[in-house]
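Chain A is the first sequence line, chain B the second, and so forth, proteins listed ahead of strands; every chain is numbered from 1.
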There are 2 protein chains.
Amino acid sequence: MKHFSEISESALRVVDAAEGLIQQRGYNGFSYDDVAKLVGIKKPSIHHHFATKGDLAATVAQRYTHRFREQLLRIEGHHAKAADRLAAYAALFENTYAIDQRLCVCGMLGAEVNSLPAGVTHEVSRFFEVNTDWLATVIADGQRAQQLRPLPEARALAETFLAALEGAMIVSRSSGSARGPAGVAHTFLLSLLA
Amino acid sequence: MKHFSEISESALRVVDAAEGLIQQRGYNGFSYDDVAKLVGIKKPSIHHHFATKGDLAATVAQRYTHRFREQLLRIEGHHAKAADRLAAYAALFENTYAIDQRLCVCGMLGAEVNSLPAGVTHEVSRFFEVNTDWLATVIADGQRAQQLRPLPEARALAETFLAALEGAMIVSRSSGSARGPAGVAHTFLLSLLA
DNA sequence: GTCTATACAGTGATAGAC
DNA sequence: GTCTATCACTGTATAGAC
């Protein structure tokens, strides 16, 4: 698969459209024709940029993970304390959800993982690995500096926080009533700090 | 839509097969032919029992919610303390996940909610409503009896707990490394009780 | 890079016989 | 309740011209 940094400008428009469709409808919920209509070209032109649907989705996930890592770096540069970093992290999910209730690309693909081409599955698992590792480090640092309670263990908290954010997007969009990732993060961090 | 308690024995086998397919692959990831092959009959026979795919999925979600409510009642009958009830609740998710890493039917459908027929969407939102209400009541009772910390507020905790369980199934299945709903629930309840 | 045309499998769904 | 046969349509994907 081509790396997203090497693709043309028209291919980028295809990736943008596919990303939105995946967040709204999932991998099995959109077609090349949907992408073509959004971009304003014909279906075979999409195949010119991405030979298979799996290639396209893998590129979407790859770029999504890359952008997330950029944001993680930005958070480290802007916030020193663990609690502030975790709050800024939660805002990444809230900002995504704020655009037409879009889901996390990898949360959506994660739900569909058993019906995905192998290349996509790999990118999705990498996203979760990157995020869990980063959260675990932030939390462990915060515990060591006594900014956070020493228990539960950092990695367990990291997995729980990530799961709560991913789940919050899904439950909120379906139930209408629930308060979304921001609310869930707030509740979680309250418990973590108290 | 017909209520699931009124359908025939052969229709029940169809619902069983569709339920498993939804948990593994999602609404947009299975076809009438997949169901037919699992049940051992032909595609038009599925249509005889459920005119549309939406009818079938709605019945699956309806029965799933009903069974969940039976389990909630059973928990109330077996456990008096809030913490025990919450742990037993988490076990419902863990037991589902333990069967070939099956997702919660409504967690999966919730992710796909923007590409679902209206009848299915309605059943999914009802599932989340039932679960959030029950959890909020259990937690509020526990807080009143001083078995749980008085903050955060019961409904906020209920939404967060449910989101964490739904998210844990998705993240664990995709990442391989994470510890599943049981681990996440354990971590969450530790924070809640400490 | 985009197009028209097309291949070909699969999709949800229906008609009508047994 | 199940079947064969068939429908109209959409799905991913390819060939080849511009």
Query - CG on A:D133 to CG on A:L72, rounded to 0.5 Å - result: 11.0 Å
Out of [options], which nucleotide sits closest to the side chain of [X]?
| X | options | answer |
| --- | --- | --- |
| A:K43 | D:dG11, C:dT11, C:dT14 | D:dG11 |
| A:I41 | D:dT14, C:dG12, C:dC3 | C:dC3 |
| B:H48 | C:dA5, D:dT2, D:dC3 | D:dT2 |
| A:T52 | D:dT2, D:dA13, C:dA13 | D:dA13 |
| A:K53 | D:dG11, D:dT12, D:dC3 | D:dT12 |
| A:H49 | D:dA5, C:dT2, D:dG11 | C:dT2 |
| A:S31 | C:dG12, C:dG1, D:dG11 | D:dG11 |

What is the separation between atom [atom1] on [X] and atom [atom2] on [N], rounded to the nearest whole Å?
| X | N | atom1 | atom2 | answer |
| --- | --- | --- | --- | --- |
| B:R13 | D:dG1 | CZ | P | 10 Å |
| A:Y32 | C:dT6 | OH | P | 22 Å |
| A:I46 | D:dG11 | CD1 | C1' | 14 Å |
| A:R25 | D:dT10 | CZ | P | 13 Å |
| A:D33 | C:dC3 | CG | C1' | 14 Å |
| A:H47 | D:dA13 | NE2 | P | 5 Å |
| B:K42 | D:dT6 | NZ | C1' | 15 Å |
| B:N28 | C:dG10 | CG | P | 18 Å |

Query raised in the report: Are A:S8 and C:dG1 close enough that a side-chain N or O sits under 4.0 Å from OP1 or OP2?
Result: yes
Query - Any B:S45 side-chain nitrogen or oxygen under 4.0 Å from OP1 or OP2 of D:dG1 - result: no
Query raised in the report: For B:I139, does its backbone N or O pair with a side-chain atom of B:R144 as donor and acceptor, under 3.5 Å?
Result: no
Query raised in the report: How is A:F50 classified with respect to the nucleic acid when contacts are heavy atoms under 4.0 Å: base, sugar-phosphate, or nothing?
Result: nothing
Query - Aromatic plane relationship, B:F188 with B:F161 - under 30° parallel, 30 to 60° tilted, over 60° perpendicular - result: parallel
Report task. Hey, can you tell me if B:W134 and B:Y89 have their rings parallel, tilted or perpendicular (30° and 60° cut-offs)? Result -> parallel
Report task. Mark yes or no: B:K53 above the aromatic ring of B:Y27, with NZ or CZ under 6.0 Å from the six-membered ring centre and no more than 45 degrees from the axis. Result -> yes
